[in-house]
Amino acid sequence: MRKQPVLPKFKVILEQMGENIKLARKRRNLTAVQVAERAGIARSTLYLVEKGDTSVAMGAYFNVLRVLGLQDDFLKLAADDVFGRKLQDLDLL
């Protein structure tokens, strides 16, 4: 898999997301092996998810969140597009 280039200042955001996923797994007392098996991914892929690696497919992130019961969090991505709505409002004037 080829990694997508991400600027270092934005890489921190992905790393924090990975850490949040890891903490959610630990709060549920689930092992990495359990989550990986239930998500249908390799343990090494879960490790990359928990690191916020850019080479992991979005589907793998979704399946991990599904196993943790956090699948609805995916709907929060880009849900509140304040800047886009301002641009849209400018065209409506």
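- Residue pairs that meet the salt bridge (charged side-chain N to carboxylate O under 4.0 Å, His left out) test with at least one member in residues 25-37, sequence neighbours left out, are R25-E50.
- Within the 4.5 Å cutoff, side-chain heavy atoms of D80 are placed close to those of R85.
- By the criterion of side-chain heavy atoms lying less than 4.5 angstrom apart, applied directly or through intervening Ile, Leu, Val, Met, Phe, Trp or Tyr residues, L65 is not grouped with V33; the two fall into different hydrophobic clusters.
- Taken together through direct or relayed side-chain contacts under 4.5 Å among Ile, Leu, Val, Met, Phe, Trp and Tyr, L77 and L14 form part of one hydrophobic cluster.
- In this structure, M58 and F74 have side chains that are in contact, with non-hydrogen atoms separated by less than 4.5 Å.
- K11 and D53 make their closest contact through NZ-CA, 4.2 Å (heavy atoms, listed as atom of the first residue, atom of the second, distance).
- Residues L68 and V64 meet the side-chain proximity criterion, which asks for heavy atoms closer than 4.5 Å.
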Evaluate L70 against D72 for side-chain contact (heavy atoms from CB on, under 4.5 Å), listing each step before the verdict.
CA-CA 5 Å; L70 298 170; D72 290 343; over 6 Å; no

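- Here the CG atom belonging to L46 is positioned 11.5 Å from the CG atom belonging to N63, to the nearest 0.5 angstrom.
- In this structure, F62 places its CZ atom where more than 12 heavy-atom neighbours from other residues, nucleotides or ligands lie under 6.0 Å away.
- The cluster map of Ile, Leu, Val, Met, Phe, Trp and Tyr, joined by side-chain heavy atoms under 4.5 Å apart, puts F10 and L48 in the same cluster.
- For the atom pair Y47 OH and T45 OG1, the distance stands at 12.5 Å (nearest 0.5 Å).
- Put simply, the side chain of K51 does not reach to within 4.5 Å of the side chain of V56, judged on heavy atoms.
- When the side chains of ILVMFWY residues are joined at heavy-atom separations under 4.5 Å, either directly or via intervening members, L75 and M17 end up in two distinct hydrophobic clusters.
- Within the model, atoms NZ of K22 and CG of N20 stand 12.0 Å from one another, a figure rounded to the nearest 0.5 Å.
- Between K76 and D73, some side-chain heavy-atom pair lies under the 4.5 Å cut-off.
- With contacts defined as side-chain heavy-atom distances shorter than 4.5 Å, the pair Y61/I21 qualifies.
- A salt bridge does not link D89 to K86: none of the charged side-chain nitrogens sits closer than 4.0 Å to a carboxylate oxygen.
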